[in-house]
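To start, the structure under review is shown below, and the notes come after it.
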Amino acid sequence: MKYLHSVTLVTDKCHGCTHCLDFCPTEAIRVRGGKAQINPDRCIDCGECIRVCKNKAKKSVYDKLDLLSKYKFKIALPAPALYGQFDNLDDLDCVIDGLYSMGFDYVFEVARAAEIVSEYTRRYLKREDVPRPVISSACPVILRLISLMFPSLADHVIPVMSPMETAAIYARREAKRLHPELTDDDIGVCFISPCPAKVSYVKNNPTNRRPLIDAVVSMKEIYFKLISCMTREPDHEHVSRSGVVGLSWATSGGESAAIFNEKYLAADGIDNVIQVLEQIENNALPNLEFVELNSCPGGCVGGVMTVANPFIAKARIQGLRRYLPVTRNFAGDRDSTEVPEEFIIHTELKKRRIGTFSPDEKLTLQQMTEIEALSEQLPQLDCGVCGAPTCHAFAEDVIRGNASLSGCIVCSFLSNDEEDVK
Amino acid sequence: MADVLKLHFDVDGDDFTSAGEASADVKKRLRLMGCDPEIIRRVSIAMYEGEINMVIHAGGGVADVSVYSDKIEIVLEDKGPGIPDIALAMSEGFSTAPDTVRSLGFGAGMGLPNMKRYTDVLHIDSKVGEGTKVTMIVNT
């Protein structure tokens with residue numbers, strides 16, 4: 001099955017400026033005929049191109065709220081990063097009340113589920129039969145990156161569901177408890193997302209089951225509607241049930257802090273993440289128990305579908321965490337040391353969860369030799385004018401038959417120059 | 001019909017932070033060729049350790065990688081101080097790395113043992129005062 005993406009190009013707005021080429025971590029973009037093209041086999045939906053495009057020609061595709069109208073009972077799952085988007089917010093209840101006022105029938109904070117995932121992570125880390133370091137499964141970009149570039153590390157990824165999925169399970173269960181007449185198909189679950197990667201993850205349903213989540217909307221998109229529904233004086237009943245641990249998942253290092261063990265590494269920003277994965281693959285980081293990786297700078301608050309600057313959002317969340325209990329949510333089976341079946345993803349990461357390199361991408365030894373030979377003759381300026389991010393990538397395109405050598409204007413210019421000298 | 005891919009790298013001895021670049025480059029190409037992930041991992045660990053060794057002990061050197069249809073050969077050559085007792089150097093935990101390097105987390109005495117562990121052939125030619133040539137083969 002084809003992998004569905006949520007990072008796309010708005011052709012009309014693209015000037016073919018080649019700026020995005022330099023930032024794509026998997027070299028998935030080429031400029032052809034004056035427009036960028038994204039290779040779906042290589043795109044990991046990290047959103048770097050959205051972040052850097054000066055003409056706003058890259059965008060995230062996400063669901064509209066209207067999609068939920070067909071469901072009898074609508075559930076909102078706000079990501080922890082949502083709390084960092086509002087100026088002068090002093091009570092999490094304002095956000096939750098706002099979501100109810102917008103028309104949701106039930107709100108389950110993803111931060112709550114994150115606390116349960118943290119508990120399962122601590123249990124999983126007690127197992128001695130799993131490869132170290134254990135890598136977080138929360139950021140879908142990282143899952144796809146590992147599948148495409150670091151497949152040998154696939155079995156390091158914790159098979160526990162992400163907070164988003166865990167929240168969906170809890171929310172559905174709670175909805176049915178409150179309204180026993182509801183069936184699974186009556187309930188529409190909507191995740192309020194900071195990034196397009198979560199949209200893709202849900203669209204490419206990694207489990208064999210009915211999708212847990214029915215719609216993924218953008219924080220940016222619902223922002224103004226939500227803010228107009230938020231009141232300064234929330235109802236007296238306290239509705240938020242998140243603790244410090246859950247809220248902290250919004251920023252890099254939050255998930256790691258909750259493993260209560262100092263042998264962790266938390267990296268954010270896609271380039272840092274790639275460097276760390278290279279080092280793990282080289283066995284150069286021994287003695288690490290847990291690795292938290294976030295594709296976006298600062299963690300989820302840095303997602304391209306957020307409103308606030310990630311550092312401002314982070315500061316706000318620090319303020320909101322004050323006086324909250326450390327954790328307010330616990331797994332149902334508190335004395336167990338196992339992770340319940342329901343929250344385990346069994347499907348093999350590299351095969352089903354995030355897709356793999358298409359077999360068409362695979363190069364033969366002969367082709368690779370030709371690429372190296374051609375690459376050596378190129379100017380090594382990595383100027384991008386040919387439409388490829390580097391001279392080496394251009395050589396690859398030429399040998400694959402996707403580009404013509406005449407696309408290198410520096411080569412043509414230099415050879416004309418030589419003729420002039422003669 | 002070319003039946004071998006040859007890659008050459010100069011490993012800069014002056015810049016500690018660039019150590020590991022050559023092995024990352026090799027890894028990238030093996031990935032493009034759809035090489036088995038476990039083979040890629042073994043090649044990258046062995047080559048990374050070798051690269052680090054050249055930077056720590058020999059002030060850099062050259063790395064030549066040949067990819068054949070059935071094996072990958074890595075040759076690392078330097079003009080460093082040489083290894084006086086190869087058997088001793090091969091033992092786990094033995095290290096002559098200076099404290100400055102150890103403080104960065106390197107020099108634990110696992111370099112050569114790891115290179116042996118992750119390759120099918122490890123051959124070391126070394127003359128004290130002249131340099132060291134390490135040949136490693138990973139069968140694919």
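All values below were derived from every heavy atom in this structure, side-chain atoms included, with hydrogens, water molecules and symmetry-related copies excluded. Letters go in sequence order (proteins before strands), and every chain restarts at 1.
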Exercise. Considering only heavy atoms, which portion of A:Glu372 lies under 4.5 Å from any heavy atom of chain B: side chain, backbone, both, or neither?
Worked result: side chain
Exercise. What part of A:Glu27 is in contact with chain B, defined as an atom under 4.5 angstrom from a non-hydrogen atom: side chain, backbone, both or neither?
Worked result: side chain
Seminar exercise, completed: Most contact-rich option vs chain A, by heavy-atom pairs under 4.5 angstrom, among B:Asn114, B:Val67, B:Ile52, B:Asp36, is B:Val67
Exercise. What residue, out of B:Arg41, B:Glu49, B:Glu38, B:Lys28, has the most heavy-atom pairs lying under 4.5 Å from chain A?
Worked result: B:Arg41
For this session: Please check if the side chain of A:Thr390 supplies one atom and the backbone of A:Ala393 the other of a donor-acceptor pair under 3.5 Å.
Result: yes
For this session: Give, as side chain, backbone, both or neither, the part of A:Gln367 having an atom under 4.5 angstrom from any heavy atom of chain B.
Result: neither
Exercise. If only atom types and distance count, is the side chain of A:Arg42 paired as donor or acceptor with the main-chain N or O of A:Leu148 below 3.5 Å?
Worked result: no
For this session: For A:Asp45 and A:Ser200, test the side chains for any donor-to-acceptor distance below 3.5 angstrom and give the result as yes or no.
Result: yes
Problem set entry | Under 4.5 Å from any heavy atom of chain A - which part of B:Tyr68 | backbone
For this session: Taking atom types as modelled, find out whether B:Ser23 and B:Glu51 have a side-chain donor-acceptor pair closer than 3.5 angstrom.
Result: yes
For this session: Could you point out which residue of A:Lys263, A:Arg127, A:Arg132 forms a salt bridge (Lys or Arg N to Asp or Glu O under 4.0 Å) with A:Glu289?
Result: A:Arg132
Problem set entry | chain B contact via A:Glu370 - which portion, at a heavy-atom distance below 4.5 Å | neither
Exercise. Would you say the side chain of A:Pro133 lies within less than 4.5 Å of the side chain of A:His156, judging by non-hydrogen atoms?
Worked result: yes
